[in-house]
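Since the structure comes first, as structure tokens, the remarks are kept for the end.
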Amino acid sequence: MRARLRAWIESLGDQFWLRPALIVLGCIGLAQLGIWLETAHVAGYDASSPDQNWGYSGGAEGARALLSAVASSTIGVAGTTFSITIAALTLASGQMGPRLLRNFTRDARNQIVLGIFLGTFAYALMVLRTVRTVQESPFVPHLAITGAIALALLSLATLVWFVHHIATSINVETVVDAVHRDLCSAVEARTLDSAGMTPPARLPKAGGITVTGSGYLQAVDEDTLAEWAHGHGATVALRVRPGDYVPSGFPVAFLSAGIEDAEAAITRALTFGRRPAALQDLEYSIRQLVEIAVRALSPGINDPFTAGSVVDHLGDALCRVASRHLPTGAVVREGRVALVLPVTDYDGLCDAMFHSIRQNAAGSVHVLARMLDVLTRVAEVERLTNRSAELARHADLVIAAARRDVADPHDLADLEARHVQFVAIREDGRPA
């Protein structure tokens with residue numbers, strides 16, 4: 001249940017309308033508060049001492065003109081900012097991939113900007129409806145109108161800031177850095193300080209449990225499922241992990257013993273959605289970075305420098321993993337393995353990072369050189385033998401691709417020298 005709640009909270013961030021709606025409601029409440037303070041004579045304009053008044057001190061006709069100007073201008077600017085946002089999303093989708101749109105729609109700053117303009121419009125309307133002239137039993141909420149002036153000035157500053165923000169946010173280096181920060185956070189959250197227990201060699205392969213419906217697995221409530229399995233003296237072996245697409249009728253788990261309510265318990269522990277989520281998927285941000293690199297290497301864009309930047313950031317993530325332990329997938333209760341989950345190992349991480357980029361970088365000396373440099377630096381940080389062997393496998397694949405696709409002997413000799421540097425560091429732990 002906790003995992004499902006966290007997945008639901010994360011999905012709220014994808015709702016572009018949520019924060020603007022909350023800001024609009026807040027501005028409506030603020031307008032009602034300002035009007036109430038005026039009608040209750042708690043604060044407002046004192047006709048007997050106009051020199052001591054601050055803020056708006058005009059009459060009803062001026063108040064109506066002012067509020068009408070604020071309302072009409074802010075709703076127009078709100079439409080402009082929405083159009084700019086759509087244009088930025090279209091540009092990002094074409095150059096960096098449609099899956100990167102999630103990062104733009106989740107950007108709280110874009111949502112808050114739209115909310116400020118819409119909130120100012122709603123505030124001005126709420127106050128405008130209460131302004132009455134002499135023929136209508138005069139009433140001018142001076143305090144609330146002063147608030148409209150303040151919101152209009154805030155909207156002006158917000159517009160200037162928004163133009164700067166949207167111009168920088170569509171820069172590919174900014175996008176790569178933002179996704180890299182998400183990847184670093186995932187590495188910190190999804191890796192361990194110490195090694196976990198190794199799963200048993202023989203896992204249950206009978207008693208398949210299916211769930212209704214289909215979709216992407218977004219989260220697994222490991223603690224609840226492990227407690228349920230331990231309470232029934234069984235071992236649950238899940239066959240899917242967050243990020244996998246589960247077709248209808250597919251057996252998602254095997255049980256070591258038959259339990260009557262197993263299907264309901266496993267269904268409660270798994271959260272599915274229409275799209276993958278980053279909540280428990282360590283490779284989610286990796287796939288986003290790789291997509292940027294692959295699109296940059298496409299003939300239509302042909303930007304190897306962006307691909308090289310992505311490789312640099314992926315190497316930084318591997319250096320962060322060097323001092324951490326990846327989960328083994330075994331969840332233990334009272335010394336017994338109650339739950340086994342499929343997890344990403346180091347080989348899988350490296351494959352997800354480098355395979356697609358290397359295959360699409362055929363003949364790109366810059367990208368292949370960056371990959372060898374990154375692998376060399378990671379090898380200098382990594383101390384585990386099995387991980388160093390995996391890095392060596394990818395370095396060998398890179399140099400094999402270079403020998404097959406790079407025609408210039410000078411470039412090939414440079415790549416060969418970088419590969420020799422990698423081998424020297426891997427064997428001796430120091431540069432050649």
Side-chain angles (χ1 to χ4, degrees), residues 9 12-86 88 104-166:
I9 293 174
L12 289 180
D14 295 333
Q15 310 302 320
F16 192 77
W17 56 266
L18 181 59
R19 286 189 178 93
L22 294 177
I23 294 175
V24 169
L25 292 177
C27 288
I28 291 175
L30 188 63
Q32 292 298 109
L33 176 62
I35 296 169
W36 176 81
L37 291 175
E38 191 82 23
T39 55
H41 303 289
V42 176
Y45 178 78
D46 185 1
S48 63
S49 55
D51 294 335
Q52 299 180 7
N53 288 300
W54 56 274
Y56 181 79
S57 57
E61 293 298 332
R64 284 182 171 177
L66 174 63
L67 292 172
S68 298
V70 170
S72 59
S73 59
T74 52
I75 195 63
V77 174
T80 302
T81 58
F82 185 75
S83 300
I84 293 174
T85 302
I86 295 300
F104 290 91
T105 57
R106 286 181 62 88
D107 191 342
R109 292 166 291 187
N110 293 337
Q111 299 174 14
I112 290 174
V113 166
L114 184 61
I116 288 175
F117 289 127
L118 295 179
T120 302
F121 171 76
Y123 181 98
L125 283 186
M126 295 300 294
V127 178
L128 179 61
R129 67 185 179 86
T130 65
V131 178
R132 298 189 296 271
T133 59
V134 176
Q135 294 81 4
E136 307 170 312
S137 179
F139 176 73
V140 179
H142 296 85
L143 181 62
I145 296 173
T146 302
I149 297 174
L151 285 176
L153 295 176
L154 175 62
S155 298
L156 181 63
T158 301
L159 177 61
V160 176
W161 176 86
F162 175 74
V163 172
H164 166 76
H165 169 67
I166 205 68

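Numbers here are sequence positions counted from 1.
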Measure the [atom1]-[atom2] distance between [X] and [Y] for me, rounded to the nearest 0.5 Å.
X	Y	atom1	atom2	value
Leu118	Trp17	CG	CH2	14.0 Å
Leu154	Ile149	CG	CD1	14.0 Å
Thr74	Leu151	OG1	CG	9.5 Å

Among all residues two or more places apart in sequence or in another chain, which pass the side-chain contact (heavy atoms from CB on, under 4.5 Å) test with [X]?
X	answer
Ala63	Tyr56, Val131, Val140, Ile145
Ala122	Val24, Ile28
Leu128	Arg64, Leu67, Ser68
Ile84	Thr80, Phe162, Ile166

**OP:** Over all heavy atoms of both residues, which pair between Gln111 and Pro20 is shortest? Give the atoms and the distance, please.
**Re:** O-CG, 3.3 Å

**OP:** Grab the two heavy atoms, one from Ala78 and one from Phe117, that are nearest each other, plus how far apart they are.
**Re:** CB-CB, 3.7 Å

Who are the side-chain hydrogen bond (donor to acceptor under 3.5 Å, both in side chains) partners of [X], not counting sequence neighbours?
X	result
Trp161	none
Ser155	Thr120
Glu61	none

Subject >> Option passing side chain to side chain contact (heavy atoms under 4.5 Å, CB included) with Thr81 (candidates Ile116, Leu114, Val163, Asn110) >> reply: Leu114

**OP:** With sequence neighbours excluded, tell me which residues meet salt bridge (Lys or Arg N to Asp or Glu O under 4.0 Å) with Arg109.
**Re:** Asp107

Original post:
Does anything in residues 72-84 pair up under salt bridge (Lys or Arg N to Asp or Glu O under 4.0 Å), and if so which pairs, sequence neighbours excluded?
Top reply: none

Original post:
Heavy-atom distance under 4.5 Å between the side chains of Tyr123 and Val70, does that happen here?
Top reply: no

